[in-house]
Asks: 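Structure below; questions to follow.
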Amino acid sequence: MIDQRLVRDNPEVIAQQLKRRGKSIDLTGLQLIARQQRGLEEERSTLQADGNRIGKEVGVKIKAGADPKGDEVAALRLHGNAIKQKVAVFEEEEKALSSQLRDQLLSLPNLPSPLCPDGKDEHDNVEVRRWGTPRIEEGLEEHWQIAQRLNLFDTERSVRIAQSRFVTLMGQGARLERALINFMLDLHTSKGYREVMPPVLVNTASLTGSGQLPKFAEESFRCADDDLWLTPTAEVPVTSLHRDEIIPADQLPLRYSAYSPCFRREAGSYGRDTRGLIRLHQFNKVELYWFVHPDQSEEAHQQITADAEAVLQALDLPYRVLDLCTGDLGFSAQRTYDLEVWLPGAGAFREISSCSVCGDFQARRSAIRTKNGKQTQLVHTLNGSGLAVGRTMAALLETGQQSDGSILLPKPLVPYVGFERLQPE
RNA sequence: GGAGAGGUGGCUGAGUGGUUGAAAGCGGCUCCCUGCUAAGGAGUUACAGGCGGCAACGCUUGUCGAGGGUUCGAAUCCCUCCCUCUCCGCCA
């Protein structure tokens with residue numbers, strides 16, 4: 001959420017920054033609401049101060065021996081009642097304005113960082129570096145072909161169990177998925193991340209706190225009878241780990257690595273990635289999440305990205321890093337690095353991690369602050385996939401394919417999986 | 001699902017109508033003392049909004065789970081809701 005003081009005092013700054021995202025928003029209405037609200041607040045609190053004074057006066061007089069039913073006290077009561085009525089009128093108006101203001105503010109995306117490259121859509125993203133040598137060959141299979149051939153999952157039966165876009169991993173496939181989760185968590189915890197396994201059902205406040213609501217309700221699965229949703233990413237529960245908290249400055253940065261299944265409706269992606277592990281309603285992800293002092297988010301962003309890259313490097317998977325342009329930035333992000341892994345079978349780079357710095361955007365929505373001496377201030381938050389597990393498996397399958405049809409796994413993974421290569425069972 | 005108890009500041013925990021944003025303790029911060037030192041003393045310390053000030057800070061409003069109500073005045077009384085804990089039942 002954007003600071004409402006900015007809306008009041010410098011709405012043109014917001015408009016200008018949101019324009020970089022490709023959104024032209026007229027904020028004069030919102031500014032008016034914000035200013036009216038503040039005006040009412042001023043009048044109301046002055047009145048309330050009068051009312052409080054009368055209340056005290058009555059108490060003092062009665063204690064001093066005045067007749068509680070005498071004229072003097074009765075006059076004060078009358079005055080108190082009059083004030084009360086006026087306050088009620090102001091209050092009602094003020095509340096209406098406040099909730100309007102809040103609703104609209106919650107629907108505004110974060111302002112892009114000044115460092116974020118300007119651009120319209122994904123074509124304007126800036127490649128900042130590459131790692132590894134992409135395997136480019138004719139005749140390589142795509143991961144879903146390999147998975148089918150090696151019997152790693154069952155998609156048809158998954159429709160019976162659930163729907164399309166669900167997958168049931170089996171045998172070596174299930175084993176590999178599990179190994180990858182462990183591998184990633186071990187790698188991150190060895191660098192000081194605290195491991196987290198959060199609830200995957202989250203309430204509305206949690207989804208609002210990290211920015212998925214109110215705008216993206218149609219992307220999440222909801223439990224109709226409860227105030228609960230299936231989490232689209234561990235970023236949601238981990239943000240709310242510290243919702244409404246003041247974190248002592250000496251505890252920052254807090255760095256978490258959370259495994260969770262993730263659930264997304266993928267509304268509006270009908271024809272795309274219908275086969276395999278790329279786009280599913282349910283997938284596994286290991287998420288990295290930082291709460292940092294506001295001065296440190298810039299360096300933290302570099303570090304969290306490096307920590308995500310470390311997984312790809314350990315698995316020997318070539319990738320490139322994109323600095324997302326303003327037009328491609330997610331709702332809560334200020335700046336984002338996407339990691340795209342090379343898929344030799346598909347012959348393309350594919351997003352496997354998204355590392356974002358959100359500034360105080362989520363912290364303000366979630367009331368997460370830190371305190372240094374007397375000063376209370378909002379923390380900054382960062383998140384990054386470390387990594388999307390299904391897509392990692394896809395990359396491993398395509399990268400490790402051998403001429404005999406087996407799949408060679410990277411060495412560091414072997415102790416986790418229990419075998420060196422996947423082959424027909 | 002049944003019965004009961006309870007939700008108060010960063011934490012523990014007092015407080016049942018009057019100047020209480022709230023005792024005490026812990027923790028934090030500042031300063032002091034120091035030959036009895038894994039110590040002692042003094043002070044300070046909630047959050048959010050608004051106004052004033054370059055600032056230190058001052059003034060003011062709201063907040064004792066949430067929302068309503070009674071009252072000149074509510075942490076305290078009434079109503080509704082939410083949540084937590086304990087016991088019983090059921091169950092991974």
Side-chain angles (χ1 to χ4, degrees), chain A residues 1-10 30-103 105-106 197 199-209 223 225-229 237 240-252 254 261 291 293 360 363-379:
Chain A
M1 191 158 59
I2 293 167
D3 192 346
Q4 33 178 300
R5 270 169 290 213
L6 200 56
V7 174
R8 249 175 2 223
D9 304 334
N10 292 89
L30 197 56
Q31 182 186 30
L32 193 68
I33 291 173
R35 291 193 159 167
Q36 280 178 336
Q37 185 273 333
R38 186 179 58 172
L40 281 173
E41 182 179 338
E42 239 177 288
E43 290 189 71
R44 189 213 71 219
S45 62
T46 310
L47 271 175
Q48 279 174 324
D50 292 343
N52 289 343
R53 202 167 328 109
I54 289 168
K56 280 179 190 171
E57 222 174 306
V58 173
V60 170
K61 290 224 153 109
I62 290 176
K63 254 195 181 158
D67 177 6
K69 295 198 175 129
D71 290 346
E72 199 180 18
V73 171
L76 286 170
R77 279 191 192 166
L78 216 62
H79 191 185
N81 272 325
I83 288 173
K84 203 158 49 163
Q85 276 174 22
K86 275 198 218 165
V87 167
V89 174
F90 280 115
E91 221 168 30
E92 198 181 338
E93 246 181 287
E94 196 189 329
K95 266 191 189 169
L97 288 174
S98 296
S99 74
Q100 253 187 76
L101 181 62
R102 182 178 160 78
D103 288 352
L105 279 176
L106 283 175
M197 201 176 288
V200 296
L201 290 182
V202 298
N203 57 34
T204 300
S206 296
L207 276 165
T208 306
C223 304
D225 292 337
D226 304 279
D227 176 32
L228 289 171
W229 309 63
S240 280
L241 253 188
H242 293 289
R243 179 151 47 85
D244 295 319
E245 281 186 26
I246 294 176
I247 304 170
D250 59 7
Q251 284 181 24
L252 295 176
L254 287 169
F291 297 87
H293 185 91
D360 62 16
R364 182 172 293 108
R365 290 170 161 250
S366 299
I368 306 169
R369 294 143 295 167
T370 185
K371 198 168 189 178
N372 210 344
K374 284 194 169 174
Q375 266 242 307
T376 310
Q377 57 190 143
L378 295 166
V379 301

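The structure presented is a predicted model; accordingly, all values stated were derived computationally and were not measured.
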Asks: Please report the distance, rounded to the nearest Å, between NZ in A/K86 and C1' in B/rC72.
Replies: 16 Å
Asks: Please report the distance, rounded to the nearest Å, between CG in A/D226 and P in B/rC82.
Replies: 12 Å
Asks: For A/K95, which contact category applies under a 4.0 Å heavy-atom criterion: base, sugar-phosphate, or nothing?
Replies: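 Here A/K95 touches the backbone only, sparing every base.
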Asks: Atom CD1 of A/I246 and atom C1' of B/rA46: how far apart are they, to the nearest Å?
Replies: 8 Å
Asks: Using the C1' atom in both, what is the distance from B/rG13 to B/rG73, to the nearest Å?
Replies: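 My reading of the C1' atoms in B/rG13 and B/rG73 gives 27 Å.
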Asks: Check whether any side-chain heavy atom of A/K63 sits under 4.5 Å from a side-chain heavy atom of A/V60, and report yes or no.
Replies: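 A/K63 vs A/V60: side chains apart.
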Asks: Please give the distance between the C1' atoms of B/rG6 and B/rU12 as a whole number of Å.
Replies: 16 Å
Asks: When rounded to the nearest Å, what value does the distance between P atoms of B/rA46 and B/rG10 take?
Replies: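 So the two P atoms sit 9 Å from each other.
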Asks: Say we look at B/rC26 and B/rG35: how far apart would their C1' atoms be, to the nearest angstrom?
Replies: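 Straight-line distance between the two C1' atoms is 30 Å.
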Asks: Which value, in whole Å, describes the distance between the C1' atoms of nucleotides B/rA75 and B/rU16?
Replies: 9 Å
Asks: Are the side chain of A/T370 and the backbone N or O of A/Q377 linked by a donor-acceptor pair below 3.5 Å?
Replies: no
Asks: Between A/L201 and A/C223, is there a side-chain heavy-atom distance shorter than 4.5 Å?
Replies: yes
Asks: Check this one for me: any side-chain N or O of A/K61 less than 4.0 Å away from OP1 or OP2 of B/rU19?
Replies: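 Negative; the distance criterion is not met.
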Asks: Assess whether salt bridge (Lys or Arg N to Asp or Glu O under 4.0 Å) is satisfied between A/R364 and A/D360, documenting all intermediate values.
Replies: CA-CA 6 Å; A/R364 182 172 293 108; A/D360 62 16; 3.1 Å; yes
Asks: Using a 4.0 Å cut-off on protein heavy atoms (strictly under), produce a 5'-to-3' string for nucleotides 49-64 of chain B with B for base contact, S for backbone-only sugar-phosphate contact, and - for none.
Replies: BSS-----S--SSS--
Asks: As a quick check of understanding, evaluate side chain to side chain contact (heavy atoms under 4.5 Å, CB included) for A/I247 and A/I368, giving each step before the final call.
Replies: CA-CA 7 Å; A/I247 304 170; A/I368 306 169; 3.7 Å; yes
Asks: Rounded to whole Å, please give me the gap between CZ in A/R243 and C1' in B/rA48.
Replies: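 Rounded to whole Å, this separation is 17 Å.
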Asks: Checking side chain to side chain contact (heavy atoms under 4.5 Å, CB included) for the pair A/L30/A/L105: CA distance, chi angles, key distance, verdict?
Replies: CA-CA 9 Å; A/L30 197 56; A/L105 279 176; 4.2 Å; yes
Asks: Quote, to the nearest angstrom, the C1' distance that separates B/rC64 from B/rA23.
Replies: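 Here B/rC64 and B/rA23 have their C1' atoms 14 Å from each other.
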Asks: If I take atom CZ in residue A/R369 and atom P in nucleotide B/rG10, what distance separates them, rounded to the nearest angstrom?
Replies: 8 Å
Asks: With a 3.5 Å distance limit and no angle check, can you tell me whether A/R35 reaches the backbone of A/R8 through a side-chain donor-acceptor pair?
Replies: yes
Asks: Could you pull out the closest heavy-atom pair between A/S366 and A/G209, with the gap in Å?
Replies: OG-O, 3.0 Å
Asks: Given A/R44, which of A/E93, A/E94, A/E92 fulfils the salt bridge (charged side-chain N to carboxylate O under 4.0 Å, His left out) condition?
Replies: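 When salt bridge (charged side-chain N to carboxylate O under 4.0 Å, His left out) is applied between A/R44 and each of A/E93, A/E94, A/E92, only A/E94 qualifies.
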Asks: Which value, in whole Å, describes the distance between the C1' atoms of nucleotides B/rG9 and B/rA48?
Replies: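 My reading of the C1' atoms in B/rG9 and B/rA48 gives 14 Å.
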Asks: Both A/V73 and A/V60 contact RNA chain B. Taking the nearest nucleotide for each, which residue is further toward the 5' end?
Replies: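 Comparing both residues, the 5'-ward one is A/V60.
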Asks: Would you indicate what A/L78 reaches in the nucleic acid, counting non-hydrogen atoms under 4.0 angstrom: base, sugar-phosphate, or nothing?
Replies: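 No contact.
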Asks: Which part of the nucleic acid, if any, lies within reach of A/K84 when heavy atoms closer than 4.0 Å are counted: base, sugar-phosphate only, or nothing?
Replies: base
Asks: Measure NE2/A/H79 against C1'/B/rU71 and give the value in whole Å, please.
Replies: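 That distance rounds to 17 Å.
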Asks: Using atom C1' of each nucleotide, how far apart are B/rU84 and B/rA22 to the nearest Å?
Replies: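 Straight-line distance between the two C1' atoms is 23 Å.
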Asks: Under the 3.5 angstrom rule, does the side chain of A/S99 hit a backbone N or O of A/A96 as a donor-acceptor pair?
Replies: yes
Asks: So, does A/R369 use its side chain to make a donor-acceptor pair with the main chain of A/T376 at under 3.5 Å?
Replies: no
Asks: Which dot-bracket string fits RNA chain B when only Watson-Crick or G-U wobble pairs with both atom distances under 3.5 Å count, crossing pairs get [ ], and | stands for a partner on a different strand?
Replies: ((((((((.[[[..)..(.....]]]((((((.......))))))(((((((....))))))).[[[[[..)....]]]]])))))))....
Asks: Roughly how many Å is it from NZ in A/K56 to P in B/rU19, rounded to a whole number?
Replies: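 Atom-to-atom, A/K56 to B/rU19, this comes out as 9 Å.
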Asks: Give the rounded distance in Å between these two atoms: CD of A/E245 and C1' of B/rG9.
Replies: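 Distance check: A/E245 CD to B/rG9 C1' gives 15 Å.
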